[in-house]
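It should be emphasised that the depicted structure is a prediction, and the values quoted were computed from it without experimental measurement. Chain letters run A, B, ... following the sequence lines, proteins first, then strands; residues in each count from 1.
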There are 4 protein chains.
Amino acid sequence: MVWANQYRRNEDTKKAIYDAALALCREVGYEAMSIEAIARRAKAGKQTIYRWWPSKGVLLLDALGVVGNDSATFPDTGDLLADLSSQMTGAARIMSAPQLAPVLIGLLAGAHHDPALAERLMSDLIGPRRKGCFNRLRTARERGELPPDTDEVLLMEQLYGPLYYRYLVTREPLVESYVRRHVNDLLGRLVATTHGNHQHTDPQTGSAR
Amino acid sequence: MVWANQYRRNEDTKKAIYDAALALCREVGYEAMSIEAIARRAKAGKQTIYRWWPSKGVLLLDALGVVGNDSATFPDTGDLLADLSSQMTGAARIMSAPQLAPVLIGLLAGAHHDPALAERLMSDLIGPRRKGCFNRLRTARERGELPPDTDEVLLMEQLYGPLYYRYLVTREPLVESYVRRHVNDLLGRLVATTHGNHQHTDPQTGSAR
Amino acid sequence: MVWANQYRRNEDTKKAIYDAALALCREVGYEAMSIEAIARRAKAGKQTIYRWWPSKGVLLLDALGVVGNDSATFPDTGDLLADLSSQMTGAARIMSAPQLAPVLIGLLAGAHHDPALAERLMSDLIGPRRKGCFNRLRTARERGELPPDTDEVLLMEQLYGPLYYRYLVTREPLVESYVRRHVNDLLGRLVATTHGNHQHTDPQTGSAR
Amino acid sequence: MVWANQYRRNEDTKKAIYDAALALCREVGYEAMSIEAIARRAKAGKQTIYRWWPSKGVLLLDALGVVGNDSATFPDTGDLLADLSSQMTGAARIMSAPQLAPVLIGLLAGAHHDPALAERLMSDLIGPRRKGCFNRLRTARERGELPPDTDEVLLMEQLYGPLYYRYLVTREPLVESYVRRHVNDLLGRLVATTHGNHQHTDPQTGSAR
DNA sequence: CATTAAACGAGACGGTACGTCTCGTCTTTGC
DNA sequence: GCAAAGACGAGACGTACCGTCTCGTTTAATG
C-alpha cells in the first residue's frame, strides 16, 4: 500500500520492534521497559524508534494493534442485558489478563502528562469502544428496551466505571460473576422486565446455573 | 513521647522532605519527580530519604498526610441522597484538583508493580474512605432508606466507579453537575424499585464472604 | 588513520578530559581527584570516561602522555658519568616537580591493587626508561667504560633506587647536588676515576649540615 | 599509669579497633579499608575512632605497634657485611610480606598529602630504622671497616634505595639472593674484599635469565 | 555514696562519589 | 539515503563512606 511505504519504512524492522516491545512489556512491565531495551532486543537502532514513535506509550499502543481489531464492535442479539453481559465480561477478561493489566494502567497514567498519547489512546482504544457501546444503548432506547429519557453516556459510564474502579483502584480480580451481578443489578432497575431473581438461563444449554 | 523519637528522627527534615515532594509533584508530575530532586530541594541527603521511605510513592502518600485527615468520615444528616451528593462532589473536587490529579494516577499505577505501595494506598487512602461509605450505606439500609437486600459494596462501586472512570480514563473534568446527576440517577432508581440481590461483600477487600 | 577512529571516538572530548584530569590532579591531588569531578570540569558525561578508561590511574597515565615522549631516550655522548648525571638530574627534576610528585606516588600505590594500572605503568612509564638506561649501561660495558662483569640491572637499580627512596620515603627534595654526589660516588667506585664529594648529611632529616 | 587513663580511655575498645583495622587491612587492603568498616567490625562507634585518631593511616600505624618493636636495632657482630646482609634481608622479608606490602605503600602515599601521617611515619617507623643503620655505619667507619670519608647517609640510601625501588616501583619479590647480591656488590667495592657476582638480569622484568 | 563529666555504642544527618543505567541527540559506516 | 551501531552530554539510580552531630548508657573520679 502506498501510505505504508510512503516514508520508505522497513516493515520487518517495524515488526521486530513491535514484537520486542510486547515481549518486554510482558516480561518486565510497562514502567520498567525502556526504549533502549526494545531497540536492543529488536536489533534496531534507537534512532529508528525515536524517528517513528513519539513515546514508549504510543509505540506500545501501536504494537498492541488495537486499531483494527473487532473488540470494539458491540454484539446486538436483540437482548440488551445478554449483549452487555457478554461484551463486558469479555472486556473484563481482557483487562484482567496478567500481561495487559499493567499496560493499560501505564498508558492511562502516561496519558496524564503526554497529550499525544492521550489522543492516541482515546482515538484508537477508548473512543471506538465507547462509540460501540453508545450505539448499542441508543438502539436499545429506540427499540424501547430502555426508558426514552435514558442518558446513554451516563449509563455507559455507570456500566463500565465499576469495572475500571476494580481494575485500577482496588486491583481485585474482575471475575465474571461480579460483572454479571453488576450489570444485572444496574440494568434490572432500569428496564421494564419481569425477573423475580437474577439467575440467568444459559442460552446454550438452557440449564439454570 | 518515647516512641516518636525512638528512632531519633529529625522532624524538621521530615517536613522539608514532605514539602519538597509535594512541590515537585505539582511542578513536574509524579513520574518525572526524582528522589534526587526531592533531596536537593529539601536540602536533605538522599540516604535520609532512602532510610525512611521504601519508594517515591510511599513517600508521597505520607506527604499527602491522608492518614489522619477526616475526608474519610462520611456525613450523616439522615438524608442519604444529600449526604452522598455532598461527599462525592467533595471527593470529585479533590480528585480533579490540578495538583492532585497526576499524583493519584501515579500512585495507582505504581501500586500495580509495588506491593508495598499498594498496601499503603489501600490501608491509608482507599480503605478508610471505602469503609466510611460502606458504613453510611449500611446505616441507610438499616433505616430503610435503601432496600433491605442492598449490596453496599456493589452500590459503593457503582457510585464511585464512574467518577474514577472519568478521572482516570477519559480525563474529563469532574464537574459537580455530572456527579449530582449520576448520584440522583442511580439512587433515584434504587429507592423506587424492588429487586433482589443477596450476596454481600466485604467493604475493604470486596471479596465475597 | 582508520584505527584511530575505528571506535568513532570524539577527539575533542578526549582532550578535554585529559586537560581536566591534569588540572584537577594539580589542584587537589591524585587521591582527592574524582572521576565525577573530571567529567564535570571537562563537560563530559561520566559514562564517556568509564567507557574508555578502566580507572582513574590509567586515565591519568594516558593524560600524562608519557607513551611517546622522549624522556626515555638516554643520552650517549661517550662519557657515561656525564650522561648518567644529566639524565638522572633531569629525572629527579621531573619527579620532584610539585605537580607530578603526588601523581607518581598515587600511581605507584594504585598499581599495588590494580593489575591493569600496574601493567600500563610498567609498559608505558617505567619499562621504557629502564630499557633506555639498561641499553646505555650495556653499551658502556661493551666499550670498556664499565667492568666486564657488571650486572646492568643491579647497577641501574643502585643508581635509581636512592632517588625513589628520597622521593617516596623521606620526601626530601631531590636537589641536583645530591643526585650528582650519588652518581659520582657510585660510579667512581666502579670505574677508575678520581672523584670526591664528602658532604655529610643528618641521618634523620637528610638535610646537609 | 596515670597518663593512659587520664582520658578514661577504654583499653578493650582500643584493642578491638586495632584488631579490626589490622584484619580489614589484610582482607581488603589499605585503600579499600574504611573507618566505617573498622567501627562496624570492632563494634565501636565511629566517633570513638575519630576521637582518638586523626586518620586511617595514623590508626593503622598505631595498630601495627611499630613504635616499640626492636626491628630498628641494628646487629653489631663486628662484621659489617654480615650485619647489613642480615638486617636487610630481614627488612626485605618484612617489606614483601603479603599483608604488609600494601600497607606501607598506602602509608607512604598518604604521607604525601597528610602531614600528620608523614610526621608519625617518620618518627615511629622510618626514623628509628634510619638512625640504627646510621649508627652502625658510623661505628664501622670509626673502626676502619669503611673509608674515613664515607658519607653514612648517602651509603645508607644507596643500600636501602634499591630495596624500596623493587618493592614500590617494580613490585618484584624481594628475594634474599637479590638483597645479598646487592649488599655484597655495593660494600664489596667500598671495603677491601674480593668478591664477584656475574648473574645478569633482564632490564624490563628484572628476573634472572 | 551520690554526682558528674567523659567516653562509649549507636546511628541520623548533609554531603560527595561511586559505577550503572537510560534518556534523547548526534555521527559514522555499511548496505 | 535509511538503518545499525553506538558515542555523547546529561542526570537519576541506590549504595558506601565521609566527618559531624546528637542521643541514652556506662564508667570512672571526684566531692
Side-chain angles (χ1 to χ4, degrees), chain A residues 7-10 12-14 16-17 32-40 42-52 54-56, chain B residues 2 5-14 16-17 32-40 42-52 54-56, chain C residues 2 5-14 16-17 32-40 42-52 54-56, chain D residues 2 5-14 16-17 32-40 42-52 54-56:
Chain A
Y7 302 107
R8 281 177 257 184
R9 191 162 174 186
N10 185 328
D12 290 349
T13 293
K14 189 165 149 185
I17 289 171
M33 168 181 125
S34 73
I35 288 185
E36 198 111 7
I38 298 172
R40 210 149 45 215
K43 292 196 173 300
K46 281 201 303 177
Q47 196 64 288
T48 305
I49 296 179
Y50 283 109
R51 185 157 28 229
W52 297 110
S55 69
K56 184 172 74 167
Chain B
V2 175
N5 280 354
Q6 180 171 8
Y7 303 109
R8 277 174 273 174
R9 187 161 180 187
N10 186 329
E11 292 297 322
D12 291 349
T13 292
K14 192 167 151 182
I17 289 171
M33 165 181 132
S34 72
I35 288 185
E36 194 118 6
I38 297 172
R40 209 150 46 216
K43 291 192 173 303
K46 281 202 294 177
Q47 195 67 3
T48 303
I49 296 180
Y50 284 108
R51 184 156 30 227
W52 297 111
S55 69
K56 185 171 71 166
Chain C
V2 176
N5 283 351
Q6 180 171 7
Y7 302 107
R8 280 174 277 171
R9 188 163 177 185
N10 187 330
E11 292 297 322
D12 292 348
T13 291
K14 192 168 152 182
I17 290 170
M33 166 181 129
S34 72
I35 288 185
E36 194 118 5
I38 298 172
R40 211 151 43 216
K43 290 193 171 303
K46 281 202 295 178
Q47 194 69 300
T48 303
I49 296 180
Y50 284 108
R51 182 155 34 226
W52 298 111
S55 69
K56 184 171 71 166
Chain D
V2 177
N5 282 352
Q6 179 171 8
Y7 302 107
R8 280 177 273 173
R9 189 163 177 182
N10 186 331
E11 292 297 321
D12 290 349
T13 292
K14 190 167 150 184
I17 289 171
M33 168 180 125
S34 72
I35 288 186
E36 196 114 7
I38 298 172
R40 211 150 43 215
K43 291 195 172 300
K46 282 202 297 177
Q47 195 67 286
T48 304
I49 296 179
Y50 284 108
R51 182 155 34 226
W52 298 111
S55 68
K56 184 173 73 168

Presence of [X] side-chain N/O under 4.0 Å of [N] phosphate oxygens OP1/OP2:
X	N	value
D:Trp52	E:dA7	no
B:Arg40	F:dA12	yes
C:Arg9	E:dT28	no

Would you say the side-chain atoms of A:Lys46 pair up with the backbone N or O of A:Ala39, donor to acceptor, closer than 3.5 Å? no

Measure the distance from [atom1] on [X] to [atom2] on [N] and round it to the nearest whole Å.
X	N	atom1	atom2	value
A:Lys43	E:dC31	NZ	P	16 Å
D:Arg51	E:dG9	CZ	P	8 Å
C:Asn10	E:dT29	CG	P	13 Å
A:Ile38	F:dA4	CD1	P	14 Å
A:Asp12	F:dC2	CG	P	17 Å
A:Gln47	E:dC23	CD	C1'	12 Å
D:Glu36	E:dG15	CD	C1'	13 Å
A:Lys56	E:dC21	NZ	C1'	14 Å

If each of B:Ile35 and C:Thr48 is mapped to the nucleotide of DNA chain F with the nearest heavy atom, which maps nearer the 5' terminus, i.e. the 5' end? C:Thr48

Would you mind telling me which residue lines up with the more 5' stretch of DNA chain F, A:Thr13 or B:Lys46, judged by nearest nucleotide? A:Thr13

Distance col, row D:Ile17:CD1 vs D:Asp12:CG, nearest 0.5 angstrom, shows 11.0 Å

Working to the nearest 0.5 angstrom, can you tell me the gap between B:Ile49 CD1 and B:Glu36 CD? 9.5 Å

Looking at every heavy atom in both B:Met33 and B:Ile38, which two are closest together, and how far apart are they? CE-CD1, 3.9 Å

Residues at least two apart in sequence or cross-chain that pass salt bridge (charged side-chain N to carboxylate O under 4.0 Å, His left out) with C:Lys14, listed by chain then number, are C:Glu11

Name the nucleic acid region contacted by A:Ala44, choosing base, sugar-phosphate or nothing; use a 4.0 angstrom heavy-atom cut-off, strictly under. sugar-phosphate

Return the 5'-most residue of the pair C:Ser34, A:Tyr50 with respect to DNA chain E, ranking by each residue's nearest nucleotide. C:Ser34

